[in-house]
Each structure stands twice: as C-alpha cells, then as structure tokens.
Amino acid sequence: MEQHLYEPVHDEFRDLCRRFLTREAVPHHERWEADGIVDREVWRAAGAAGLLGPDVDPEYGGGGQRDFRFNAVLDEEIVASGCSGLGFGLHNDVVAPYLTELTTDDQRKRWLPGFCSGDLVTAIAMSEPGAGSDLAGIRTGAVRDGDSLVLNGQKTFITNGEMADLVVVVVKTAPDQGAHGVSLVVVESGTPGFSRGRRLAKVGLKANDTAELFFDDCRVPAENLIGTENHGFYHLMANLPRERLSIAVAAVAACEKLLALTIEYARSREAFGRPIGRFQHNRFLLAELDTEVTIARTFVNHCVAEFNAGRLSVTDAAKAKWWTTELQTKVADRCVQLHGGYGFMAEYPVAKAWLDSRVQTIYGGTTEIMKEIIGRALGL
C-alpha cells in the first residue's frame, strides 16, 4: 500500500541513517550485546553525522527540523538494522522536549550543545521499585536547602542509565500534594550522592544499558530544576504522547521487518516437497499479519502527521502505543512459529526480534494503562 508520509528530504535522511548504521553500528552490535552496553564513541559519531537533536535549534548544534518524521526515520532504520542497543530514540524522542521546551536560556546553553554532539548522553528517570506506570506514586524526593535541592530515593529500569551524563529525574517536591507536588530536576554525572547500581540483566535489548540509579543526599543546584516547580506531572503528561508515538513507530517497523524475514523464509523453506508458504494455513496466517501490519502502519503514519500538526491527542497516542506493541508481540510469536526450530536459535534475527519485542507492551505505559486512558476518554 502506497504511503504518503515521507518526502524526498526524508528519503535522503533515511539513506544517511542506513549508511551510518551499516558503518558504525552493525559490525559492532554482537559485541555490544555480549558487553551489555554500546561503545561511547558511537554516540559521538552519531552527533557528528547529524543524527542527534534533529529538532534542536541550530545555534546549539541541532538540525532545526521541528518535524517528527526525521525522528521516525531514524527509529525505523535502527529497527531495520537490528541495532536495538542504540538509545538514540530515548535521547531524541523522549528527553529532547524536556530540554528544549522547559529550560531557560542558560540551561539550553549548558546542555544542548553536548546533547547534539553526543558528548552528553541523556536519560529520564521515572520508574521506581514501587512505582512504574503510576507516576503519582513515586517516592524519590527533593528538598530545597538554600540554593540547592537535596535528592533522596531510587529509580530503576532506566534506559541509558549507566551511560547517561545527564538525567531528568522525576521527584516529589511537595509530598502532601500528590500529583500536584511533582517536579523535574536535572542531575549530572559526577554529582556527589548520585550513583548507579548494577547493570540490569534483561530478557531482550541486551546491548541497551539499563540501570538502577540511587540518590543519597544528592545535592544539585536549585537552578537545575526545569519547568515549573510542582508542575512536573503536567509536563510529563504533555510529553508522554510523543514517547508513546516513538514506541509505536518502532513497533510497526519491527512488525514489517519480521514479516519480510518470514515471508522470505516461507518461500525458501520446504516441507513435504513444497515451500511452507504454499500450505493454506501458513499462507492465510501471513495474509492476516500483512493486513494487520498495513493497518497499523497507516494509523501510525496518521498519528505522526497529527503530531506534526500539533493535534495528536493523549487518547490517540495511547491507542497507537498499545495496539502496535501488542501486534508486535503477536507478529514476533507467529513468525518464530513459522521458522520452526530455527526460530528458537539465537543466531536467527527472528529469535532476537522476538526477545526484544516483549518489553514494548510494558515501558512507556503498559497496555493496561493505555486502555485505562482510552476508557476514561469514553466517559467510563
């Protein structure tokens, strides 16, 4: 089905992304998976290639393109390359708006040049051992002490957490006010009282570093608060649709890659004297998956266009996030089955994609939370 989301300039950017990934990431990714973390230099190489901060103003070294299609292209190509360890999507799609929209001129001058060059890797710390999708339930606190904020608490499951030089931390600054007492504070690497725990061993996304973060009387300048104090929950709600759209983009790209791999396998793998794709059950299954993936692609492209126009609603972002990620896990499962024993072998891309897919329905807000958002929008 012909899609009409991208223009020639995006196709040129896609070629740039492919060349970069082929040269700088694909040859190293197997080693990165064994190490549990990517090389620091790939971030600086991405910055030099113009892949970081596509929507950051050029005065800070960014691309100056307030067009999420560039973000989507990079997300899609990372998935297509199989380089799931690269945390560029979190950096560009999730953290960027906090640093461009909620910061002062001085803060932007301090942080954005490094953000765009790859010298500053970023993360956002929301989840805690006792609070995931329920952001109002966080316990990490920040208390003002003169011209400082003193943080105490723990965060977990933090993507880019081990490598991050700059972390946007969600904290309680007015604990008695619930969701109305949440703020966002930037903590920089090397700050006394800020430490990282063990590298978390995950089922999938093995090259993407995920860490626990600890704050023990961690003293940061009060000027590191971004946005409005005690208004952090609303800042998060405003930016979560963009995060969920980013996840949906990657989910559809993964579905398309898995389907292409499996169709090719079904054409070449023979059983009982004919290609397995010639059996009606398998042919019908692939026809169903192809239809569902096309529908998902069409809706996600619509959501990207709506986001660019400033019209993507919280509800539609939730729909895109849960539907595409659940579809991804379904497609991955069916494609492993069609590969038979080979689908269970780690060296086959379909096996790796199956493992990597499982977290998609969890982070960025679980499927259940997405349905709750949609249900409330229905007045239920």
Side-chain angles (χ1 to χ4, degrees), residues 1 3 72 75-84 89 132-133 202-206 208 243-267 269 271 275-304 315-375:
M1 184 176 183
Q3 300 288 342
D75 294 341
E76 290 169 357
E77 291 306 312
I78 288 173
V79 170
S81 72
C83 296
S84 56
S133 296
K202 307 186 299 296
V203 170
L205 302 179
K206 292 183 179 296
N208 184 232
E243 176 178 356
R244 289 164 181 162
L245 177 59
S246 173
I247 294 171
V249 166
V252 172
C255 289
E256 291 170 339
K257 178 184 178 180
L258 281 161
L259 194 57
L261 286 171
T262 306
I263 290 171
E264 182 59 33
Y265 184 82
R267 287 171 177 157
R269 173 69 169 172
I276 63 170
R278 296 286 180 87
F279 290 94
Q280 187 184 65
H281 171 80
N282 295 341
R283 190 166 63 247
F284 278 18
L285 174 58
L286 288 168
E288 291 170 6
L289 294 178
D290 182 65
T291 302
E292 291 180 78
V293 172
T294 300
I295 292 168
R297 164 59 67 187
T298 303
F299 181 58
V300 166
N301 284 2
H302 167 75
C303 287
V304 170
T315 304
D316 282 347
K319 290 177 182 178
K321 197 276 177 183
W322 89 258
W323 175 259
T324 58
T325 57
E326 291 289 347
L327 178 62
Q328 182 182 350
T329 61
K330 174 183 175 180
V331 171
D333 180 76
R334 303 300 190 273
C335 288
V336 165
Q337 185 72 21
L338 285 169
H339 275 76
Y342 291 106
F344 201 62
M345 298 297 103
E347 65 265 27
Y348 269 65
V350 69
K352 177 178 176 298
W354 176 55
L355 291 169
D356 288 346
S357 71
R358 190 58 190 88
V359 74
Q360 288 277 82
T361 63
I362 298 172
Y363 61 16
T366 63
T367 292
E368 292 74 20
I369 294 295
M370 297 303 97
K371 291 180 179 180
E372 185 68 21
I373 291 169
I374 297 162

Taking atom CZ of Arg278 as the centre, report whether more than 12 heavy atoms of other residues, nucleotides or ligands fall under 6.0 Å from it. no
Run Ile276 and Tyr265 through side-chain contact (heavy atoms from CB on, under 4.5 Å) and show every step you take. CA-CA 8 Å; Ile276 63 170; Tyr265 184 82; 4.0 Å; yes
Is the backbone N or O of Gly364 less than 3.5 Å from a side-chain atom of Arg244, with the two atoms forming a donor-acceptor pair by type? yes
d(Asp290 CG, Ile263 CD1) to nearest 0.5 Å is 5.5 Å
Consider side chain to side chain contact (heavy atoms under 4.5 Å, CB included). Of Thr325, Ile247, Thr366, which one does Thr361 pass it with? Thr325
With a 4.5 Å heavy-atom cut-off, do Thr329 and Gln360 have their side chains touching? no
With a 4.5 Å cut-off on side-chain heavy atoms, are Lys321 and Ile373 touching? no
Distance check, rounded to the nearest 0.5 Å: Leu327 atom CG versus Trp322 atom CH2? 10.0 Å
Would you say CZ of Phe344 has more than 12 non-hydrogen atoms from neighbouring residues, nucleotides or ligands within 6.0 angstrom? no
With a 4.5 Å heavy-atom cut-off, do Arg358 and Val203 have their side chains touching? no
So, does His302 use its side chain to make a donor-acceptor pair with the main chain of Thr298 at under 3.5 Å? no
Please step through side-chain contact (heavy atoms from CB on, under 4.5 Å) for the pair Cys255 and Thr324, ending with a clear verdict. CA-CA 9 Å; Cys255 289; Thr324 58; over 6 Å; no
Between CD1 of Ile295 and CZ of Arg297, what distance do you get to the nearest 0.5 Å? 14.0 Å
Write down the atom of Ala266, the atom of Pro275, and the distance for their closest heavy-atom approach. O-CB, 3.5 Å
Separation between CG (Asp356) and CG (Leu205), nearest 0.5 Å, reads 4.5 Å
Thr262 OG1 to Arg334 CZ distance, which is reported to the nearest 0.5 Å: 12.0 Å
Is any side-chain heavy atom of Leu286 less than 4.5 Å from a side-chain heavy atom of Leu338? yes
Please examine the side chains of Cys335 and Leu261, heavy atoms only from C-beta on, and report whether any two atoms are closer than 4.5 Å. no
Backbone of Lys202 reached by a side-chain donor or acceptor of Lys206 within 3.5 Å: yes
Answer whether the closest heavy-atom distance between the side chains of Arg283 and Gln280 falls below 4.5 Å. yes
If you look at every heavy atom in Ala351 and Gly343, which pair is closest and at what distance? CB-O, 3.2 Å
So how far is it from Ile369 CD1 to Ile362 CD1, rounded to the nearest 0.5 Å? 12.5 Å
One thing to verify: whether Lys330 and Glu292 come together as a salt bridge, which I'm taking to mean a side-chain N less than 4.0 angstrom from a carboxylate O. yes
